[in-house]
2 protein chains.
Amino acid sequence: MAGHRLDPIDRKILAELQADGRMTNVELAKRVGISAPPCLRRVRTLEEAGYIRGYHADVDSRELGFEVQVFAMVGLVSQAEADLSAFEERCREWPLVRECHMLNGEVDFILKCVAPDLSTFQTFLTEDLTSADNVASVKTSLVIRGAKDAPGVPFEVLEERLSRDA
Amino acid sequence: MAGHRLDPIDRKILAELQADGRMTNVELAKRVGISAPPCLRRVRTLEEAGYIRGYHADVDSRELGFEVQVFAMVGLVSQAEADLSAFEERCREWPLVRECHMLNGEVDFILKCVAPDLSTFQTFLTEDLTSADNVASVKTSLVIRGAKDAPGVPFEVLEERLSRDA
DNA sequence: CGTGAAACCGTCGCCCC
DNA sequence: GGGGCGACGGTTTCACG
């Protein structure tokens, strides 16, 4: 399994930075039990190895005026690889689409979208998404309310698994 | 609409910190065109007003050994508010469930889950989720591959909207 | 991995508009 | 009200052991 090249200190660093990405390096070093310079070296190594893809402020979309969140299930006409890639590329270009994942089962993609209001979303839905090449069906579900939105990965599960396998 | 109390500098700050949450304050100040002290004051104000909920490192779940991502659609038996809240509370306690959103339409909730492997997920699915109180139906879809995962909010859309309304 | 030093940054008080 | 200047203390980030 992956992640085996990381020692417990590296995993603690990742967990701490996932919880608070703006933590100072000295605070981080104190929490993981080493001094600042090697701690910073580990962080840089984790970044370059791709374990850390970036750091992002978590902005409140509703407070900013994005009052609509929608999940869209998309079925395509053709599932040939070139056509799948073409659809994915289009999703990357649509700013209202924040996430796009290819699924197994009866539906081909799930999209998470945000919009300032319903009419903006419906314009996008009818003019862009539904009428895009190769799109066969779109089913949308409005988010009534959010109940949980945890960042990233449950490190507790990883630790439990590693200690069980050891 | 919300977000009207933010001037263009505040919005630029949010956009920059969403793109790079570890940017130093002097770099941020340079990019938004003011000096460091007022820039830091604005950031603190945005944090306290709830526009910024936190900062998180974006860790690569697959590289860390979480090779399975699943969307689960959950239908409940009772949609009374107390029962909805009880289910949401349970989702908050399950570490494999990273997101839980209440939806309109035929399904009540959509859950985004991660797990180290399929058997871990299936154990969770059968022993925890499907057999939880008040759960009527669960349909799961495995993520074959991720095509887009943009953080937060499309500020371009916000700016376009504000300039159109002005 | 730790120590020490130098450059940089976050932060405050004060002044300005 | 918000923005800029200067200075102090803490932090980042070297080179070296």
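Quick note on labels: first sequence line is chain A, next is B, and so on, each numbered from 1.
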Could you tell me how far apart [X] ([atom1]) and [N] ([atom2]) are, to the nearest whole angstrom?
X     : N      : atom1 : atom2 : answer
A:L28 : D:dT12 : CG    : P     : 9 Å
B:D7  : D:dG2  : CG    : C1'   : 10 Å
B:K30 : C:dC8  : NZ    : P     : 12 Å
B:M23 : C:dG10 : CE    : P     : 11 Å
A:L40 : D:dT12 : CG    : C1'   : 7 Å

Between [options], spot the one nearest the side chain of [X], thanks.
X     : options               : answer
B:S35 : D:dG4, C:dG2, D:dT12  : D:dG4
B:I9  : C:dT11, D:dG3, C:dG2  : D:dG3
B:R44 : C:dT3, D:dT11, C:dG10 : C:dG10

Exercise for the section: Assign the ring pair B:F71 / A:H101 to parallel, tilted or perpendicular, where the plane angle (0 to 90°) is split at 30° and 60°. Expected result: tilted

Practice task
Measure up the A:F87 and A:W94 rings against each other and bin them: parallel (under 30°), tilted (30 to 60°), perpendicular (over 60°).
Solution key: perpendicular

Exercise for the section: Between A:R22 and A:I34, just flag the one whose closest nucleotide in DNA chain C comes earlier from the 5' side. Expected result: A:I34

Handout entry: Contact nearer the 5' end of DNA chain C, comparing A:P38 with B:P37
Key = A:P38

Problem - Short side-chain N/O contact to D:dC14 OP1/OP2 from A:R41, under 4.0 Å - result: no

Exercise for the section: Determine: side-chain N/O of B:R42 to OP1/OP2 of D:dG3, distance under 4.0 Å, yes or no. Expected result: yes

Problem - Side-chain donor/acceptor of B:N134 to backbone N/O of B:L76, under 3.5 Å - result: no

Exercise for the section: Please check if any side-chain donor atom of B:E81 sits under 3.5 Å from a side-chain acceptor atom of B:S85, or the reverse. Expected result: yes

